[in-house]
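Have a look at the structure below, then the notes.
We name chains A, B, ... by the order of the sequence lines, and we start the count at 1 in each one. Worth knowing before you read on, the calculation uses all heavy atoms, side chains too, and leaves out hydrogens, waters and symmetry mates. What you see is a predicted model; the values in this text were computed from it and never measured.
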Amino acid sequence: MITKMSVTNIHVINQDSAYDFYVNKLGFKLVDDIPMGPETRWLTVSPPEQPDLQLVLFPVTVSKMFPKEVAENLIDLIKKGIFGCGVLTCKDIFATYEELKAKGVEFIKPPKKEFYGTEALFKDDSGNYFSLQPLNNFEDENNI
Amino acid sequence: MQKINTDSYPKVYLYRRIVQAKLFIDDNYAEKIDLNSISDEAYFSKFHFIRVFKSAYGKTPHQYLIYVRIEKAKELLKAETPVSAVCFLVGFDSLSSFSGLFSKLVGKSPSDYQKHHQQTQKKISQSPLSFVPGCYAYQHGWTENSNFEETGD
């Protein structure tokens with residue numbers, strides 16, 4: 001019986017830049033940063049209140065897993081913003097939006113009320129995008 | 001790219017002020033922060049400020065300041081900073097109040113927390129691959145036995 005998701009991937013173009021984005025801008029907690037040879041490291045982070053989910057900041061570098069052509073194509077698609085990596089939850093979407101914007105995070109869409117609730121979209125430093133939604137997205141009232 | 005209209009939601013000015021106050025705490029947690037002066041700077045009455053801050057962050061400004069200090073203390077302890085130095089670097093005046101609060105919130109004393117982290121780091125340096133799920137290590141070609149080839153089924 002499957003009980004939960006514990007490790008998942010975000011394919012990134014540069015691990016140093018991804019570290020800065022996820023830890024310093026989004027405020028994720030560093031879990032592991034273990035060197036694995038000269039160019040890559042095992043780099044995982046967790047959302048601040050979800051320590052049992054590790055997101056692997058998985059570098060797209062030419063390796064056994066990614067032959068050269070595959071790596072190049074994947075990097076191209078990531079940069080084009082094809083990959084949506086999921087929904088991130090916050091307590092207050094407007095406060096979170098203002099803070100991330102102040103930290104230089106690029107938003108594709110500011111918070112907007114949709115039929116499914118209020119949502120914003122932003123990109124990570126590689127080009128992956130996330131949806132940002134408040135915890136209780138079906139309550140119409142703004143918190144403040 | 002299309003220009004985003006950032007003033008398109010209600011009370012945007014209020015959000016910007018509360019976010020500035022939060023970022024002020026993030027940047028100045030090591031100083032003696034007077035929460036009254038933050039609320040003044042943000043043009044709030046003290047009680048209104050506390051209420052609005054709590055509704056945005058789920059913590060009062062004071063609780064949030066303590067949270068930031070303890071989180072920073074964890075980082076410094078992991079970076080091998082001596083406990084007595086950590087205490088002052090994160091803005092506490094007395095070692096006993098720092099240790100007491102840290103133990104209460106983290107569930108371990110600062111020195112136990114540091115010891116635990118050092119032991120984990122030692123294990124990682126001795127055997128890094130045991131901390132990486134095998135499937136990743138294999139796919140990346142990190143597995144220690146370089147002769148371990150695919151069977152090509």
Side-chain angles (χ1 to χ4, degrees), chain A residues 6-9 23-24 27 29-37 39-44 48-49 54 56 58-66 81 90-103 106-113 118 120-123 134-135 140-144, chain B residues 1-24 26 44 48-49 51-59 67-68 71 74-75 78-79 120-121 123-125 127-133 135-144 146 148-150:
Chain A
S6 48
V7 180
T8 185
N9 301 326
V23 174
N24 297 332
K29 300 289 177 197
L30 180 67
V31 181
D32 281 330
D33 188 356
I34 307 174
M36 292 287 161
E39 281 173 23
T40 51
R41 50 217 246 236
W42 172 248
L43 181 62
T44 69
E49 294 183 10
Q54 283 188 66
V56 185
F58 200 107
V60 184
T61 45
V62 177
S63 63
K64 187 173 188 175
M65 190 173 185
F66 299 123
C90 58
K91 175 147 171 56
D92 185 306
I93 191 169
F94 300 115
T96 307
Y97 168 69
E98 287 296 338
E99 176 175 345
L100 294 180
K101 209 157 53 91
K103 289 178 172 172
E106 186 187 334
F107 277 81
I108 307 162
K109 173 183 166 183
K112 191 168 174 245
K113 197 179 277 184
T118 306
L121 296 175
F122 69 84
K123 288 202 315 196
L135 198 53
D140 265 357
E141 294 300 309
N142 291 332
N143 280 329
I144 285 188
Chain B
M1 182 183 268
Q2 191 193 350
K3 193 172 182 307
I4 290 171
N5 176 9
T6 53
D7 295 343
S8 57
Y9 61 86
K11 298 182 187 170
V12 60
Y13 66 96
L14 197 58
Y15 279 102
R16 289 197 179 141
R17 277 154 45 192
I18 214 73
V19 166
Q20 286 310 312
K22 189 254 187 196
L23 293 175
F24 181 85
D26 288 345
F44 287 113
H48 186 48
F49 172 63
R51 192 186 67 75
V52 172
F53 193 98
K54 190 169 181 186
S55 76
Y57 295 109
K59 291 180 172 69
Y67 166 80
V68 172
E71 290 300 306
K74 287 187 196 165
E75 284 173 26
K78 285 181 181 173
T120 308
Q121 288 306 108
K123 283 184 203 155
I124 289 175
S125 65
S127 165
L129 284 173
S130 60
F131 288 81
V132 177
C135 49
Y136 284 92
Y138 176 64
Q139 285 170 336
H140 261 291
W142 293 339
T143 31
E144 281 155 315
S146 58
F148 185 55
E149 295 292 341
E150 287 172 89

Contact class of A/Phe66 relative to chain B, heavy atoms under 4.5 angstrom: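 Contact with chain B: none, neither part.
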Region of A/Lys29 in contact with chain B, defined by heavy-atom distances below 4.5 Å: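 It is the side chain, since no backbone atom gets that close.
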CA sep, side-chain torsions, deciding dist, call: B/Arg16, A/Lys101, side-chain contact (heavy atoms from CB on, under 4.5 Å): CA-CA 10 Å; B/Arg16 289 197 179 141; A/Lys101 209 157 53 91; 4.0 Å; yes
Do you know the tightest heavy-atom contact between B/Val19 and A/Glu99?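 The answer is CG1-CA, 3.6 Å.
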Within this structure, what is the CD1-CG distance for the pair B/Ile18 and A/Asp92, rounded to the nearest 0.5 Å?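 Reported value, rounded in 0.5 Å steps: 10.0 Å.
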Quick one: CG on B/Leu14 to CD on A/Glu98, what's the gap to the nearest 0.5 Å?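 Rounded to the nearest 0.5 Å, the CG-CD separation comes to 11.0 Å.
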I'd like to know which of B/Lys54, B/Lys22, B/Glu75 tops the heavy-atom pair count under 4.5 Å against chain A.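 The option with the most such pairs is B/Lys22.
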Is the number of heavy atoms from other residues, nucleotides or ligands under 6.0 Å of B/Lys123 NZ greater than 12?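 No.
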Contacting moiety of B/Glu71, where chain A heavy atoms sit under 4.5 Å: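 Just its side chain gets close to chain A.
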Please enumerate all residues that pass ring-ring contact (aromatic ring centres under 6.0 Å, His included) together with B/Phe53, with sequence neighbours excluded.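 Result, ring-ring contact (aromatic ring centres under 6.0 Å, His included) vs B/Phe53: B/Phe49, B/Tyr57, B/Tyr64.
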I'd like to check A/Leu30 versus B/Lys78 (side-chain heavy atoms, cut-off strictly below 4.5 Å). Are they in contact?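 The answer is no; the side chains never approach within 4.5 Å.
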Ring centroid separation B/Tyr136 to A/Trp42 under 6.0 Å: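 They qualify: ring centres under 6.0 Å apart.
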